[in-house]
Amino acid sequence: MRAQSSATAPSRIAVGAAGTDPGGRSFGTVQAALGVVAFSLTFPATAWGLEGFGPWSLIAVRSILAAAVAGACLLALRVAPPERRHWLGLAVVGAGVVLGFPLLTTLALQTSTTAHAAVVVGLLPLTTALLSALRIGTRPSRTFWIAALAGAAAVIAFTVQQSGGALTSADAYLFAALLVCAAGYTEGGRLARVMPGWQVIGWALVLCLPVTVPMAAVALSYEPVQLTAHSVTGLLWVAIGSQFLGLVVWYRGMAAIGIPKASQLQLAQPLLTLVWSVLLLGEHLTVAAPLTAAAVLVCIAVTQRARG
């Protein structure tokens, strides 16, 4: 990136510069884990948001709100625009995690339960590791792949069992969301090695404004809006918690510990989502939950120890 003014130096230290891991790899793991916790609330929050917003309105407004927060931070810290060679990567991040994944999963949640939709994030770690191997050239060990596949299989079995074993019409949206999000994670993790993670998602959000602003104008004119405590809370969380803050710590974590290992932390995300679904949406879990949780935690421990 181009050199920034000395006035921004303290700010860069505060947020962490590219390639800097202030607390070592363990701190990177903590940051990635915080991102997973933030993401685990996305589906329940989206379900709340859909109580008062149409799917297209919810996606457009959440992206605009997140872009407003990110843009304010970029302006306040006087961050120079990224180099031209990084804009294509930022466009991939925007298309994947700002627009594609939120839109496709929101459309799926109109006819799918949060438990069923959680199968997407159960498969996301493995897909992200595969794409990172192709895009960045990472080569995780055989042990890593065995543990990753075992964890993904456990999560899939659990989420399918929770939904009664029946596939729904929302599955096409979910599998498409899986692919675009994995691409966005992979490219974002790569960019987070050369610029602070919060700037990666910040510029991606700003880059999407020419799409999200007209989308919001059209969607809000056609879809009715009902402002309730649930709908507003859900909107604010998916906009600020999931879309911005969650991705900030997630990309920082990926830059610190590597994309494949960070992605495997997401094996715990479907289980966390199901817990939030019980607490926030009143859904019920079966006795399979603790057994699956134990299996997933074992797989996470193995992937974190396996050398890439």
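Any value given below was found using the heavy atoms of this structure, including those in side chains, with hydrogens, waters and symmetry copies removed.
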Membership question, hydrophobic clusters at under 4.5 Å side-chain separation (ILVMFWY): are Ile59 and Leu107 in the same one? yes

Validation row: Gln199, Cys73 side chains within 4.5 angstrom (heavy atoms): no

Whether the side chain of Ser231 engages the backbone of Gln226 through a donor-acceptor N/O pair (distance < 3.5 Å, no angle test) should be reported. yes

Rounded to the nearest 0.5 Å, how far apart are CD of Glu51 and OG1 of Thr46? 11.5 Å

Yes or no on side chain to side chain contact (heavy atoms under 4.5 Å, CB included) for Val97 and Tyr251, after CA distance, side-chain angles and deciding distance? CA-CA 12 Å; Val97 302; Tyr251 283 139; 3.8 Å; yes

Is there side-chain contact between Leu245 and Trp198, with at least one heavy-atom pair below 4.5 Å? no

Heavy-atom pair of closest approach, residues Val302 and Ala147: CG1-CB, 3.5 Å

State, yes or no, whether a side-chain contact exists between Leu247 and Val98 at a heavy-atom distance under 4.5 Å. no

What are the two closest non-hydrogen atoms of Ile257 and Gly28, and how far apart are they? CG2-C, 3.9 Å

Could you tell me if the side chain of Thr127 sits less than 4.5 Å from the side chain of Tyr185, heavy atoms only? no

Just by modelled atom types, is the Leu109 backbone N or O under 3.5 Å from a matching donor or acceptor in the Ser112 side chain? no

Straight-line distance of Leu274 CG to Leu281 CG, nearest 0.5 Å: 10.5 Å

For the CG atom of Leu205 and the CD1 atom of Ile64, what is their distance to the nearest 0.5 Å? 11.0 Å

Hydrophobic cluster identity match, Ile240 and Leu280, side-chain contacts under 4.5 Å: yes

Flag the pair Cys181 / Leu124 as yes when at least one side-chain heavy-atom distance between them is below 4.5 Å, and no otherwise. yes

List the atom of Ala38, the atom of Gly246, and the distance in Å for their closest heavy-atom pair. CB-CA, 3.8 Å

With sequence neighbours left out, the residues meeting side chain to side chain donor-acceptor pair (under 3.5 Å) with Ser40 are Trp276

Less than 4.5 Å apart, any side-chain heavy atom of Trp203 and any of Leu191? no

Can you find a pair of side-chain heavy atoms, one from Arg62 and one from Leu235, that are under 4.5 Å apart? yes

Any chance CZ of Phe39 has more than 12 other-residue heavy atoms, nucleotides or ligands included, within less than 6.0 Å? yes

So which of Val213, Val211, Val218 actually passes side-chain contact (heavy atoms from CB on, under 4.5 Å) with Met215? Val211

Reported CE-to-CZ distance for the pair Met254 and Arg193, which is rounded to 0.5 angstrom: 9.5 Å

Which pairs pass side-chain hydrogen bond (donor to acceptor under 3.5 Å, both in side chains) with one or both residues in residues 209-219, sequence neighbours excluded? none

Should we say atom CG of Leu88 is surrounded by more than 12 heavy atoms from elsewhere, each under 6.0 Å from it? no

Would you say Leu220 and Val61 make side-chain contact, with heavy atoms under 4.5 Å? yes

Just verifying a value: how many Å separate Leu174 CG and Thr105 OG1, rounded to the nearest 0.5 Å? 8.0 Å

In Å, rounded to the nearest 0.5 Å, how long is the span from CG of Leu103 to CG of Leu58? 10.0 Å

Between Cys208 and Gly94, the two heavy atoms sitting closest are SG-CA, 3.7 Å

In the single-linkage hydrophobic clustering (I, L, V, M, F, W, Y; side-chain heavy atoms under 4.5 Å), do Leu65 and Ile201 co-cluster? yes

Does Glu223 reach the main-chain N or O of Ser57 with its side chain, forming a donor-acceptor pair under 3.5 Å? yes

For the residue pair Val93 and Gly184, what are the closest heavy atoms and their distance? CG2-O, 3.8 Å

Please determine whether residues Val248 and Leu236 belong to a single hydrophobic cluster, defined as Ile, Leu, Val, Met, Phe, Trp and Tyr linked transitively by side-chain heavy-atom distances below 4.5 Å. yes

Heavy atoms only: give me the nearest Trp237-Thr42 pair and the separation to one decimal. NE1-N, 4.4 Å

Listed by chain and number, what are the side chain to side chain donor-acceptor pair (under 3.5 Å) partners of Trp145, not counting sequence neighbours? none

Membership question, hydrophobic clusters at under 4.5 Å side-chain separation (ILVMFWY): are Val200 and Leu75 in the same one? no

